[in-house]
Structure formats: structure tokens, C-alpha cells
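Inspection log for the structure reproduced underneath, given as C-alpha cells.
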Amino acid sequence: MNEGCQGCGCGGGAGGGESRRSVMFKLGAGLMAVGGAVASVPIFGALVAPGFRRYGNTWLDIGAVGDYPAGETRLAKFAIPGASPNDGETATAAAWVRGMEGDKFQVFAVNCAHLGCPVKWFQQSRLFMCPCHGGVYYEDGSRASGPPPRGLFEYEWKVENGRLLIDAGLLPGLQETA
Ligand code: FES
């Protein structure tokens, strides 16, 4: 008589119990493998996608040319191209715009070239100052003193139909742009 299987209907003996355990183990392992694969997709994407991402020029209108008069430096705020509605405050960025004679401009990233703190413009001293470690920049964005290794990063800009546009598709920095 078969001692390993007492009317369970599996049709097997002691080997049938082993077989069921084995099947359950394989099924569990298979489900875990599928679950792990599904869960790893976003992580893999986050690690690999930046290597494949191509940044195109995204010209963004930041106002009328007259909003940035010669001799003044003003803050321009804009929505980051491609930002998601769920990004909240992080979907907005800002740039310092220096107006010069003849509809010429310099558009600086607000982030310090040292460790990225937002710099502030002081009209009276005509200097940008960083509150984090005391970095200072002249009005043309060049480094004046402190830890920053270079001047402020600048955006590409152009004027079209009396409007000032900046290439906001790529935040200024030392990264590859091509
Ligand atoms: Fe500006 Fe360090 S982040 S000086």
C-alpha cells in the first residue's frame, strides 16, 4: 500500500509529496523572479536612461526685451521644459538676466559654480554673492573671489520679435551638450 499518500487525490506516493513541494518551490521562485524583474525596471531605467538621453535645443520665451533694460540685472523665472505636472516647485527655474546696450544680454544660471547654491544679485555693489561659502562674482559673471573655480554658467540666448529667448533645454554646466 502506498504510505506516502493517504487519499489526497494527488495520484502519487511519497514521491508525489516531494513533487508537489518541488512544484510549489519552483512556482514561488518563478513569481519572485518576475516580481524582482518588474520592480527593477524603474531602477534600471534611472541608471541607464541618462546615458541615452538626447537634449535638444528648447528655446523658451522669458519676456520682452524691454523687461531687461541696459545696466540692470533682473531675475527671470520660467517653467523647466519637459517638467511633469507632479514636479511642483522643482518644475520652475530661474536665471539672472543682465541687460546691456544694443539689445545684448548675458543670462546666468542662478546656481553657484562651486556647489550650486543660488546666488543673489546686489545692485549697489554690482556683484553676485553666494550665501553658502562666500563665493563672489562680478556683474559679467566672472569669478571675483571665494571657492568657485570659475564664473557663473551662462545660457545661450537670442532675440526674436522683441522677445528674449533662452535655450533652457539643458541647464548650463560642464556636462556634454552634444
Ligand atoms: Fe557658492 Fe560654495 S556653493 S561658494
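In listed order, ligands and their atoms are each counted from 1.
- Using a 30° and 60° split on the angle between ring planes, Trp121 and Phe128 fall in the tilted class, from 30° to 60°.
- Close contacts between ligand 1 and Pro147 involve ligand atoms 4 (S) [criterion: under 4.0 Å to a heavy atom].
- Sulfur-sulfur distance for Cys117 and Cys132: below 2.5 Å, consistent with a disulfide.
- Asp167 places a side-chain N or O within donor-acceptor distance of the main-chain N or O of Thr58, the cut-off being under 3.5 Å.
- Using a 4.0 angstrom heavy-atom cutoff, Gly146 does not count as in contact with ligand 1.
- When atom 2 (Fe) of ligand 1 is compared with the N/O/S atoms of His133, atom ND1 turns out nearest.
- Atom 1 (Fe) of ligand 1 has an N, O or S atom of Cys130 under 2.8 Å away, backbone or side chain.
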**Request:** In sequence, state the C-alpha distance, the side-chain angles, and the governing distance for Trp157 and Ile62, and then conclude on side chain to side chain contact (heavy atoms under 4.5 Å, CB included).
**Result:** CA-CA 10 Å; Trp157 62 270; Ile62 59 168; over 6 Å; no
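- At a threshold of 2.8 Å, atom 2 (Fe) of ligand 1 has a backbone or side-chain N, O or S atom of His114 nearer than that distance.
- When each atom of ligand 1 is checked for a heavy atom of Gly135 under 4.0 Å away, the hits are 4 (S).
- With hydrogens and angles disregarded, a donor-acceptor distance shorter than 3.5 Å links the side chain of Gln106 to the backbone of Asp140.
- At least one donor-acceptor pair under 3.5 Å links the side chain of Arg143 to the backbone N or O of Pro148.
- In summary, Cys112 places an N/O/S atom under 2.8 Å from atom 1 (Fe) of ligand 1, meeting the contact criterion.
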